[in-house]
Protein chains: 2
Amino acid sequence: MAIPKGVSLKEVADKAGVSTATVSRVINSKTVVKGETELRVQKVIKQLGYRPNRVAQRLRTTNGASKLIGLLIPDIQNPFYVDVIRGIEQYAYARNFAIVIGNFSQNEERQKFYIDILKSESVDAFIVAPFPGMNDYVKELVEEGYAVVCIDRGLSNMDLDVVKVDNYQGAFDAVEHLVKVGHRRIGFISGNMQIPTTLERVSGYEAALTKNGIAIDREIIVGRNSDHTSGVELTAQLLDLPHPPTAIFTSNNLLTLGALETIHSRGLKIPEEIAILGFDDMYWSTSLNPPLTAVRQSGFEIGRITIDLLYQRIMEPARPYVSIVLKTELMVRTSCGHKSGKMKSTI
Amino acid sequence: MAIPKGVSLKEVADKAGVSTATVSRVINSKTVVKGETELRVQKVIKQLGYRPNRVAQRLRTTNGASKLIGLLIPDIQNPFYVDVIRGIEQYAYARNFAIVIGNFSQNEERQKFYIDILKSESVDAFIVAPFPGMNDYVKELVEEGYAVVCIDRGLSNMDLDVVKVDNYQGAFDAVEHLVKVGHRRIGFISGNMQIPTTLERVSGYEAALTKNGIAIDREIIVGRNSDHTSGVELTAQLLDLPHPPTAIFTSNNLLTLGALETIHSRGLKIPEEIAILGFDDMYWSTSLNPPLTAVRQSGFEIGRITIDLLYQRIMEPARPYVSIVLKTELMVRTSCGHKSGKMKSTI
DNA sequence: CTGAAAGCGCTTACAG
DNA sequence: CTGAAAGCGCTTACAG
């Protein structure tokens with residue numbers, strides 16, 4: 001299995017009658033090269049179909065020129081993260097960055113494992129949705145000099161560039177909608193309570209209730225993991241209560257899908273017998289029956305902005321940290337009641 | 001942004017009082033090292049927390065030791081491929097391979113673009129679902145010495161390791177089921193007809209019809225792209241026919257979701273007014289209303305086997321090519337009629 | 001069983 | 001503006 005290394009810098013240099021240093025210079029175009037020389041080299045590069053070996057470049061450079069980004073995704077089965085990946089990918093490759101991906105399946109050990117591997121791949125940046133318990137580990141990354149941008153949530157132990165959504169407001173709007181449509185007993189399936197994002201959504205939920213004069217009943221706020229199974233089981237638990245909710249607000253995609261499974265398997269009618277509103281919209285929310293009313297956060301946009309931030313961080317390592325908070329959008333369809341249309345969330 | 005290169009081989013060698021060659025040997029454990037020496041080196045490695053720099057390793061070696069796999073995914077929004085990715089990832093990292101991913105969004109140019117980038121990343125293997133028109137490009141990869149395994153479909157111009165599913169039989173079983181449940185006018189939304197997988201599914205569809213004495217009506221076999229939008233639009237087209245089908249068989253996930261959108265938006269009852277059966281099962285097929293009857297192909301399993309094949313190919317480049325064809329499973333739920341349970345597809 | 005040395009394909013001071 | 005040379009962190013013949 002002899003994989004050809006392809007045309008090398010040296011071959012280009014020889015053919016163009018210059019030194020490798022010069023060829024390198026025209027490629028990286030940081031230093032000035034005489035127009036005539038440059039043209040000649042460019043021509044040879046084209047002729048030979050030369051493409052720099054990124055591995056060699058990476059080995060040689062120690063700054064942000066390695067052009068490799070490590071992407072740590074909590075759960076690739078969650079359509080929201082798929083959108084984030086798409087956004088990141090599109091804009092990363094456009095900037096000549098490649099992406100190494102690690103899907104850690106909401107598991108702390110695997111997140112560590114991947115970080116270590118990606119380090120030995122000499123990535124020069126990390127994009128990570130930090131898992132509870134990983135605060136110190138991620139902080140270390142920053143201290144070691146990696147560019148890192150957090151998505152979906154930040155770190156509890158330091159400031160950092162983070163791109164997220166206004167979870168509080170998103171949840172608030174959702175619950176207000178439910179109230180407006182007539183519900184007063186609204187269950188909440190919250191997801192993993194260790195994750196800041198979850199807590200923000202809980203706050204939004206509580207605030208909306210309080211504002212509308214509805215008492216908070218801890219019995220109908222249930223949380224375990226942010227996965228499909230939890231959605232299935234916690235919905236059953238809610239429904240089995242002596243005094244069950246008339247509406248359920250689910251804290252993410254996976255939970256929503258799980259909840260729907262339980263609801264349908266019991267033959268309950270949506271929204272007449274039970275209303276449902278989910279955090280996270282999906283491109284196929286309208287393929288559900290009835291179409292799902294959902295809090296939309298644009299993963300694609302988050303991905304785009306993340307690459308932007310990362311790029312700026314690499315270019316100017318000392319720039320102050322920023323936290324970008326995108327607004328959510330409530331997509332009103334028919335799983336909660338009868339109104340239809342969409343309302344922007346307002347802050 | 002000075003990213004620390006970490007502890008180097010040299011530092012380990014110095015501290016252990018041996019040459020770098022020896023340390024390298026104990027790491028790669030291909031050649032014999034004296035037990036005592038090995039122990040000493042191991043200890044220092046542990047002490048210093050040494051981890052080999054994979055980039056340097058990659059630059060140096062030219063065979064299958066680069067430990068990097070390029071993964072070319074047609075469409076990461078398709079849950080089937082998400083499962084494939086999960087399978088690949090899990091088993092790749094277990095074998096100490098890292099994955100660079102390129103999601104080319106069913107676009108030929110982007111597939112080429114990614115292949116080129118991944119080459120310059122010195123991957124030693126490619127996993128690819130070849131897009132129509134890419135036959136020669138992929139063949140070249142093989143000729144250049146890369147290990148490549150195809151998923152979902154092979155190449156038309158050469159044999160190769162391929163891991164796929166019995167599409168003919170899967171479609172056949174699906175259509176037979178529809179017939180058994182009472183349908184005789186079954187529409188087919190086929191997806192991209194340039195893709196061999198599509199053609200196999202069309203054959204299965206036609207064979208089942210013919211076997212059951214139903215004439216093939218080209219008017220209700222419609223195909224364009226294998227995406228959501230096509231599903232939405234072609235379903236409308238089918239439904240608008242003077243003599244519309246009573247059942248629709250969709251050729252993949254995305255098409256199914258698109259079809260559902262149209263069906264629900266028209267307020268049609270499933271399965272009474274229109275039955276639907278989809279190729280590709282999803283873990284949330286039971287969250288649909290009614291639960292979807294679907295042809296299940298295990299993406300996760302495909303991923304697992306792919307890594308296996310790749311590994312063997314790297315170890316023994318000259319071994320004969322194999323084509324692994326997995327069976328599908330018809331998951332009978334309630335979107336087609338009243339029977340319930342599941343039947344294995346049989347060949 | 002082990003070491004000295006070359007080299008993978010680049011980039012980057014250092015001279016000129 | 002350009003070249004000669006060192007070196008990134010490894011692995012691998014070649015000797016011994």
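Throughout, protein chains are lettered first and strands after them, A, B, ... in sequence-line order, and every chain is numbered starting at 1. Please read these numbers as outputs of a predicted model, since none were measured by experiment.
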Worksheet entry | Nearest-Å distance for atom pair NZ/C1', residues A:K119 and D:dG9 | 17 Å
Worksheet entry | d(CD, B:E121; P, C:dC10) in whole Å | 13 Å
Item to complete: Would you kindly give the NZ-to-P distance between B:K67 and C:dC8, to the nearest whole Å?
Response: 23 Å
Worksheet item: For B:P196 and B:R153, which heavy atoms make the closest approach, and how far apart are they?
Response: CG-CB, 4.3 Å
Discussion item. Regarding B:V18, tell me which of base, sugar-phosphate or nothing describes its non-hydrogen contacts under 4.0 Å with the strands shown.
Written reply: sugar-phosphate
Worksheet item: Can you tell me if the side-chain N/O atoms of A:N53 get under 4.0 Å from OP1 or OP2 in C:dC8?
Response: no
Worksheet, complete the sentence: Assign each of A:G17 and B:I27 the nucleotide of DNA chain D bearing its closest heavy atom; nearer the 5' end lies the nucleotide of A:G17
Worksheet item: Which of these nucleotides, C:dC8, D:dA4, D:dC8, is closest to any side-chain atom of A:A21?
Response: D:dA4
Discussion item. What is the separation between atom NZ on A:K10 and atom C1' on C:dT11, rounded to the nearest whole Å?
Written reply: 16 Å
Worksheet item: Between B:R313 and B:D161, does at least one N-O distance fall below 4.0 Å, as a salt bridge requires?
Response: yes
Discussion item. Is there, by distance only and without an angle test, a donor paired with an acceptor across the side chain of A:R60 and the base of D:dG7 below 3.5 Å?
Written reply: yes
Worksheet item: Out of C:dC10, D:dA4, D:dC10, which nucleotide sits closest to the side chain of A:R25?
Response: D:dA4
Item to complete: For D:dG16 versus D:dT12, give the span between their C1' atoms, rounded off to a whole number of Å.
Response: 16 Å
Worksheet item: Between D:dT11 and B:Q57, is there an OP1 or OP2 to side-chain N/O distance shorter than 4.0 Å?
Response: yes
Response to the item:
When rounded to whole Å, the CD1 to C1' distance for the pair B:I45 and D:dC10 reads 13 Å
Item to complete: Please tell me which of the listed nucleotides, D:dT11, C:dA4, C:dG9, lies nearest to the side chain of B:N28?
Response: D:dT11
Practice prompt. Toss me the dot-bracket line for DNA chain C: Watson-Crick and G-U wobble, both under 3.5 Å, 5' to 3', using | for pairs to another strand and [ ] for crossers.
Written response: |||.||||||||.|||
Discussion item. Rounded to whole Å, please give me the gap between CD in B:E11 and C1' in D:dC10.
Written reply: 13 Å
Discussion item. Please confirm whether the shortest side-chain N or O distance from A:T37 to OP1 or OP2 of D:dT2 is below 4.0 Å.
Written reply: yes
Practice prompt. Find out whether A:E144 and A:K119 are in side-chain contact, i.e. whether some heavy atom of one side chain is under 4.5 Å from a heavy atom of the other.
Written response: yes
Response to the item:
Ranking D:dT11, C:dT11, D:dG9 by distance to the side chain of A:L59, first place goes to D:dG9
Worksheet, complete the sentence: Residue set satisfying side-chain hydrogen bond (donor to acceptor under 3.5 Å, both in side chains) with B:R319, at least two apart, ordered chain then number -> B:Q312
Discussion item. Expressed as a whole number of angstroms, how long is the span from A:D14:CG to C:dG9:P?
Written reply: 13 Å
Practice prompt. Taking only Lys NZ, Arg NE, NH1 and NH2, and the carboxylate oxygens of Asp or Glu, determine whether A:E121 and B:R58 approach each other closer than 4.0 Å.
Written response: yes
Response to the item:
Rounded to whole Å, CZ of A:R54 lies from P of C:dT11 at a distance of 12 Å
Worksheet item: Take atom CD in B:E143; do more than 12 heavy atoms of anything else shown fall under 6.0 Å from it?
Response: yes
Worksheet entry | Smallest separation among heavy atoms of B:G133 and B:E108, with atom names | O-OE2, 3.7 Å
Discussion item. If only side-chain N and O atoms count, and only distance matters, is there a donor-acceptor pair under 3.5 Å linking B:N96 with B:R54?
Written reply: yes
Worksheet item: Using a cut-off of less than 4.0 Å, is there contact between a side-chain N or O of B:S19 and OP1 or OP2 of C:dT2?
Response: no
